[in-house]
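Read through the structure below, which is laid out as C-alpha cells, and then see the notes.
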Amino acid sequence: MSGLIPPGPSRSLLIANRGEISIRVMRAAAELGIRTVAIHSREDRFSLHRTKADESYLVGEGKGPVEAYLDIDDIVRIAVEARVDAVHPGYGFLSESPEFAQALIDAGIRFVGPTPDTMRRLGNKVQARNLAQAAGVPVMPATPPLPADDAQVLHLAEQAGVPLMPQASWGGGGRGMRIVERASELLDAVATARREARAAFGKDEVYLEKLIRHARHVEVQILGDEHGNLVHLFERDCTVQRRNQKVVERAPAAFLTEGQRQELCEAALRIGRAVSYRAAGTVEFLQDADTGRFYFIEVNPRIQVEHTVTEAITGIDLVKAQIRIAAGERIGTAGSGVPQQGDIRMNAHAL
C-alpha cells in the first residue's frame, strides 16, 4: 500500500488485541457488517477470540505471549496481507502507541483511535498537565519530572510539602504510586516508583504529586470526530479502588450536583478541544471531598475496560461509534450513531 487511506466505511477490521476486548470489538464489527481479522500468539492458538473472527493469523512467531502483541512490524504485515482497511487496538498493548498508529497510517490503514500527535501530547502526564493548565483546567500541585540527583529530589519534595505521591510520567494503573508521609520515606518510594514504571512502561520518569487525603476519582467519557465535533457522555465514578486499581465503576456519580457535573464535563471538553481530539477517550479527575474542587489527572486516549457502564446509561455503542468515526462519519448524524450534545441523555444508573 502507498499510504493513501481509501475513503468510505470500513469493510474489514483487524483487532490488535486478545480476549474480552477483542471479542467485544468483533461483535460491534459484525453488527456493522464488517469482516473481522484476529491475531493470536502461539499460546493463544486455542483462545476464544481466534475462533470468533472471520480470519485469524499467528503474530510474533517465536516471541513470548506478551511480546507477540507488541510486535508492530508483524501486526502491520498481517494487516496488509489480510487486506484490512482499519485496525482497532482495544485497550492495553499498543492502544496508546503513536508509533503503532503512524505505522498503520503509513501503510494506508486507518487506526481506530486518536491521531499519533494527540497520543504524543497526552501520553506523558507532565505534558498533559501543562496542556490542561493552558486550557484553564485546574491540576494537582506537583513537581517537574524528578532529576537523578537525590539531593535535588529531596529539595523539590521539601518545596512541595508532604504528604506526596510519586507518579509515573508515562503510564497509569497505579504503577509506582506510594504515599510518602515523611521525608525519610521519599527516596525509597521514588526508587520503587522508577523500577515499577520502567517495568510497566519502559520509561522510568516519575514526578511527585500532592496527596489529597479524602479524594473521589471521577472520569468523563468524550468522543470526537475529524470534523471538529466533540461531545461528552457524562461521567463515571471510580472511587472504590484497591491498591490504586479500580474495583467498582458506576454512573452517574451520585455525589455530584448538577452544577459540578456541568463544570466537570466542560473541563473535559476544554482539554479535548485543545488537542482537536478524535475518537473515544477518557479524561480523569480527582475531587477533593472536603472542598469539592476538581483537579485534572490524565487522559486515556483509548476505549476503557469500563466503557460498558457509559453505554448502559446513554444507550450509545461506543465501539461502533469509534469504528464509524474512524471512517469519517460526523457526530450528530445517523451515520455516526452519536447524537449532538443536547440530545445525549442519561437514562439509567449502571454499576
Side-chain angles (χ1 to χ4, degrees), residues 91 122 125 128-129 131-133 135-142 163-165 167 172-175 177-179 181 209-223 230-274 277 280-316 318 338-339 341-351:
Y91 45 66
L122 297 176
K125 288 184 183 179
R129 283 170 50 86
L131 187 148
Q133 285 181 300
V137 177
V139 299
M140 290 288 294
L164 294 164
M165 184 175 288
Q167 296 272 9
R175 303 301 200 285
M177 294 171 65
R178 299 285 187 282
I179 295 175
E181 299 278 7
E209 190 173 81
K210 194 73 175 172
L211 175 70
I212 295 180
R213 292 193 183 277
H214 303 115
R216 294 166 174 148
H217 194 162
V218 60
E219 57 193 22
V220 178
Q221 178 72 58
I222 61 172
L223 267 176
L230 185 71
V231 296
H232 70 78
L233 283 77
F234 302 102
E235 80 283 351
R236 298 185 292 261
D237 170 27
C238 47
T239 302
V240 178
Q241 300 185 9
R242 177 179 180 270
R243 297 181 180 176
N244 303 306
Q245 300 274 345
K246 300 169 188 176
V247 175
V248 175
E249 195 76 39
R250 64 175 177 168
F255 52 80
L256 292 183
T257 66
E258 192 53 40
Q260 289 174 327
R261 176 170 291 112
Q262 291 178 8
E263 175 192 352
L264 185 73
C265 293
E266 179 53 38
L269 291 176
R270 285 206 301 274
I271 292 171
R273 293 186 193 113
Y277 196 89
T282 300
V283 188
E284 301 200 8
F285 299 87
L286 285 183
Q287 184 192 35
D288 188 330
D290 296 326
T291 66
R293 293 189 63 189
F294 291 105
Y295 300 94
F296 167 76
I297 308 174
E298 63 178 330
V299 178
N300 292 309
R302 54 173 167 78
I303 199 76
Q304 294 209 164
V305 177
E306 56 270 28
H307 72 276
T308 53
V309 174
T310 294
E311 290 180 327
I313 68 165
T314 62
I316 295 171
L318 286 169
V338 183
Q341 186 69 73
D343 295 324
I344 300 174
R345 299 275 189 270
M346 284 192 289
N347 302 311
H349 285 250
L351 180 69

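Each residue takes its place number in the sequence, starting with 1.
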Do Arg270 and Glu263 meet the salt-bridge criterion of a basic N to acidic O distance under 4.0 Å? no
So how far is it from Leu286 CG to Met140 CE, rounded to the nearest 0.5 Å? 6.0 Å
Correct closest heavy-atom pair for Gln304 and Tyr91 would be C-CD2, 3.9 Å
Apply side-chain contact (heavy atoms from CB on, under 4.5 Å) to residues Lys125 and Glu209 and explain how you reach the verdict. CA-CA 11 Å; Lys125 288 184 183 179; Glu209 190 173 81; over 6 Å; no
To the nearest 0.5 Å, atom NE2 of His214 lies from atom OG1 of Thr239 at 13.0 Å
Between Cys238 and Glu306, is there a side-chain heavy-atom distance shorter than 4.5 Å? no
Shortest non-hydrogen contact from Ala312 to Ala348? O-CB, 4.1 Å
Salt bridge (Lys or Arg N to Asp or Glu O under 4.0 Å) contacts in which one or both residues fall within residues 280-296, not counting sequence neighbours: Lys246-Glu284
Could you please spell out the steps behind the salt bridge (Lys or Arg N to Asp or Glu O under 4.0 Å) verdict for Arg213 and Glu181? CA-CA 11 Å; Arg213 292 193 183 277; Glu181 299 278 7; 2.9 Å; yes
Could you check whether any side-chain N or O of Gln341 sits under 3.5 Å from a backbone N or O of His232, counting only pairs where one atom can act as donor and the other as acceptor? yes
Report yes if the side chains of Leu256 and Phe294 come closer than 4.5 Å at any heavy-atom pair, otherwise no. yes
Validation row: Phe234, Thr310 side chains within 4.5 angstrom (heavy atoms): no
Find out whether Pro252 and His349 are in side-chain contact, i.e. whether some heavy atom of one side chain is under 4.5 Å from a heavy atom of the other. yes
Between atom CG of Asn300 and atom CD1 of Ile222, what is the distance when rounded to the nearest 0.5 Å? 10.5 Å
Going by side-chain hydrogen bond (donor to acceptor under 3.5 Å, both in side chains), name the residues that satisfy it together with Arg129, two or more places apart in sequence or in a different chain. none
Ala128 to Leu122 - nearest heavy-atom pair and separation: CB-O, 4.0 Å
List in chain and number order the residues that pass salt bridge (Lys or Arg N to Asp or Glu O under 4.0 Å) with Arg273, two or more places apart in sequence or in another chain; answer none if no residue qualifies. Glu266
Mark yes or no for whether Glu235, through its side chain, and Cys265, through its backbone, hold a donor-acceptor pair below 3.5 Å. no
Does any part of the side chain of Ile297, heavy atoms only, come nearer than 4.5 Å to the side chain of His217, both counted from C-beta? yes
Give me the atom names and distance for the closest heavy-atom approach of Val231 to Pro339. CG1-O, 4.4 Å
What is the distance from atom CZ of Arg216 to atom CG of Asp237, rounded to the nearest 0.5 Å? 8.5 Å
Nearest-0.5 Å distance that lies between atom CG in Leu233 and atom CD1 in Ile344: 4.5 Å
Would you check if Phe255 and Gln287 make a side-chain contact, meaning some heavy-atom pair closer than 4.5 Å? yes
Arg236 vs Thr282 side-chain heavy atoms within contact, under 4.5 Å: yes
Could you grab the distance from atom CG of Leu269 to atom CG of Leu264, nearest 0.5 Å is fine? 10.0 Å
